Amino acid sequence: MGKVVLVTGVARQLGGRFVRRVQREPDVDRVIGVDAVPPEHHLGGADFLRADIRHPTIGRVLAEHSVDTVIHMDVNGTPLGKRGSRASVKETNVIGTMQLLGACQKTPSVKRLVIKSSTNVYGSAPRDPAVFTESTPPKSLPSGGFAKDVVEVEGYVRGFARRRPDVAVCVLRFANILGPCADSPLAEYFSLPVLPTVLGFDPRLQFVHEDDAIEVLRMAAGEPARSTLNSGTFNIAGDGVLLLSQAARRLGRPTLPFFLPTVTWVGSALRSVGALDFSPEQVRLLTHGRVVETTQMRETLGFRPRYSTAEAFADFARSRGPGLLPPETLARTVDRIAALMPAGSGQN
């Protein structure tokens, strides 16, 4: 008998794609997709069970189907399809994870657990280190939003790992996932015709292509390859960084700089009318940025992304169509202005 894999959060595009991918693994016998709402996309040959992980019924699902591998992808920053609220998302992230881990603890057949986490766990603050490693503590713990959810989720996962040392636990801290099907708050932000920015700041950003996200989840779900280890905590990001100003130029979208208090007010206004989930943590990211070290991803996990940060962003940009300002024209204009500047004017 092959593996029985249970995947949460399959109503979202990324979860659906992973379900279709993991079915092709030769050692996987059955895949069970779980979500509180039916997916609008196909799950291939997987079984779908409508179940809310916030409720104890998830324990019966694990036991009845002798699940041995659990991929927890239902940790998200925004409601699915705008149907929910921030409160329901937090409940799913935190209470749902608690229930799922409790069920895994009581199910002897469970031998592997993979958690889709986020680099949001490090927060974004003015005195952050230039690069975060997996062991770097945040300068200040996130006080709310998705970042706080992720901190709590990882705390519960560490407790589970102590109680069930026989289970291989892998926590994947993803940088912002982008690609043609991306539906994250940052993807919504980059889809605006004009990008509000914080005056005086040009943050460094990292991205993961959605194809790479699927592949690293697949690696974490299986047996480790020779000379690698797929249990532990790993930062997942494409090579390199991209400045927010570079991203705007490549999209062909003009930026509109505001003072920080005004950006916070604009974000609240956009969020209140449902135009964009422009949360305080997103404002902090677009102010201070965040960069993580990926040495462990390469040397221990053995994963090398196909897409760099810039390539992942380029694929996302192609899927969104041209902005108000054609990128080629915008780049030429910036170059001309730079050429007209007096020598040394850009130096301190």
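Everything numeric in this text was worked out from a predicted model, so none of it was measured.
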Can you name the closest pair of heavy atoms from Pro180 and Asp315 and give their distance? CD-OD2, 3.4 Å
Is it possible for you to say whether Val114 and Val10 belong to one hydrophobic cluster, with membership spreading through side-chain heavy-atom contacts below 4.5 Å? yes
Taking all atoms of both residues into account, what is the closest heavy-atom pair of Asp212 and Tyr307, and its distance? OD2-N, 3.0 Å
Kindly give the heavy-atom pair with the smallest separation between Pro196 and Phe258, and that separation in Å. CB-CE1, 3.9 Å
Inter- and intrachain pairs under ring-ring contact (aromatic ring centres under 6.0 Å, His included), touching residues 95-139, at least two apart: Tyr122-Phe132
If you round to the nearest 0.5 Å, how far is CD of Glu215 from NE2 of His209? 13.0 Å
With a 4.5 Å heavy-atom cut-off, do Arg12 and Asn76 have their side chains touching? yes
Could you tell me whether a side-chain N or O of Asp202 sits under 3.5 Å from a main-chain N or O of Leu243, the two making a donor and an acceptor? no
Those residues at least two apart in sequence (or on a different chain) that pass side-chain contact (heavy atoms from CB on, under 4.5 Å) with Glu293 are Val131, Thr133, Thr295
Would a distance-only check, ignoring hydrogens and angles, find a side-chain to backbone donor-acceptor pair under 3.5 Å from Arg164 to Val110? yes
Report the C-alpha separation of Asp239 and Arg304 in whole Å, then their side-chain angles, then the decisive distance to 0.1 Å, and conclude whether the salt bridge (Lys or Arg N to Asp or Glu O under 4.0 Å) test is met. CA-CA 9 Å; Asp239 289 345; Arg304 289 169 173 76; over 6 Å; no
Taking salt bridge (charged side-chain N to carboxylate O under 4.0 Å, His left out) as the definition, give me every residue that meets it alongside Lys111, ordered by chain and number, with sequence neighbours left out. Asp166
Quick check: does any side chain N or O of Glu210 sit under 3.5 Å from a backbone N or O of Leu14, one acting as donor and the other as acceptor? no
Closest heavy-atom pair and its distance - Pro254, Pro193: CD-O, 3.5 Å
May I have the step-by-step check of side-chain contact (heavy atoms from CB on, under 4.5 Å) for Val208 and Val216, ending in yes or no? CA-CA 11 Å; Val208 183; Val216 73; over 6 Å; no
Any donor-acceptor N/O pair, Arg284 side chain to Gly123 backbone, under 3.5 Å: no
Nearest 0.5 angstrom please: Ile95 CD1 to Arg54 CZ, how far? 9.5 Å
In terms of side-chain heavy atoms, does His65 have a donor or acceptor partner in Arg30 at a distance below 3.5 Å? yes
Are the side chain of Arg50 and the backbone N or O of Ala36 linked by a donor-acceptor pair below 3.5 Å? yes
For the side chain of Asp149 and the backbone of Val75, is there at least one donor-acceptor N/O pair under 3.5 Å apart? no
Could you pull out all residues at least two apart from Gln296 that satisfy side-chain hydrogen bond (donor to acceptor under 3.5 Å, both in side chains)? Thr300
Under 3.5 Å, side chain of Ser109 to main-chain N/O of Val67, donor-acceptor pair present? yes
Phe316 and Gly179: which non-hydrogen atoms are nearest, and at how many Å? CD1-O, 3.5 Å
Hydrophobic cluster membership, with links at side-chain heavy-atom distances under 4.5 Å among I/L/V/M/F/W/Y: are Ile214 and Val70 in one? no
Can any side-chain N or O of His55 pair as donor or acceptor with the backbone N or O of Gln99 at less than 3.5 Å? no
Mark yes when over 12 heavy atoms from residues, nucleotides or ligands other than Arg306 sit less than 6.0 Å from its CZ; otherwise mark no. no
Carboxylate-amine/guanidinium contact Glu281 Arg290, below 4.0 Å: no
Does Met297 belong to the same Ile/Leu/Val/Met/Phe/Trp/Tyr cluster as Val291, with side-chain heavy atoms less than 4.5 Å apart forming each link? no
Do the side chain of Asp128 and the main chain of Ala125 share a donor and acceptor less than 3.5 angstrom apart? yes
From CZ (Arg298) to CZ (Phe303), nearest 0.5 Å: 9.0 Å
State, yes or no, whether a side-chain contact exists between Thr78 and Val89 at a heavy-atom distance under 4.5 Å. no
Atom OG of Ser66 and atom CG of Leu6: how far apart are they, to the nearest 0.5 Å? 12.0 Å
Could you tell me whether the side chain of Thr294 and the main chain of Ala237 form a donor-acceptor pair under 3.5 Å? no
Taking the inter-plane angle between the rings of Phe207 and Phe190 on a 0 to 90° scale, is it parallel (under 30°), tilted (30 to 60°) or perpendicular (over 60°)? perpendicular
side-chain contact (heavy atoms from CB on, under 4.5 Å) filter on Glu25, not counting sequence neighbours, yields Arg21, Val22, Asp27, Val28, Arg218
Drop me the distance from Cys104's SG to Phe160's CZ, to the nearest 0.5 angstrom. 5.0 Å
Measuring from atom CD of Glu311 to atom CG of Leu242, what distance do you get when rounded to the nearest 0.5 angstrom? 11.5 Å
Give me the atom names and distance for the closest heavy-atom approach of Gly302 to Thr228. CA-CG2, 4.0 Å
Compare all side-chain heavy atoms of Leu172 with those of Lys116 and state whether any distance is below 4.5 angstrom. no
Non-neighbouring partners of Thr197 that pass side-chain hydrogen bond (donor to acceptor under 3.5 Å, both in side chains), sequence neighbours left out: none
4.5 Å side-chain heavy-atom contact, His288 and Pro203: no
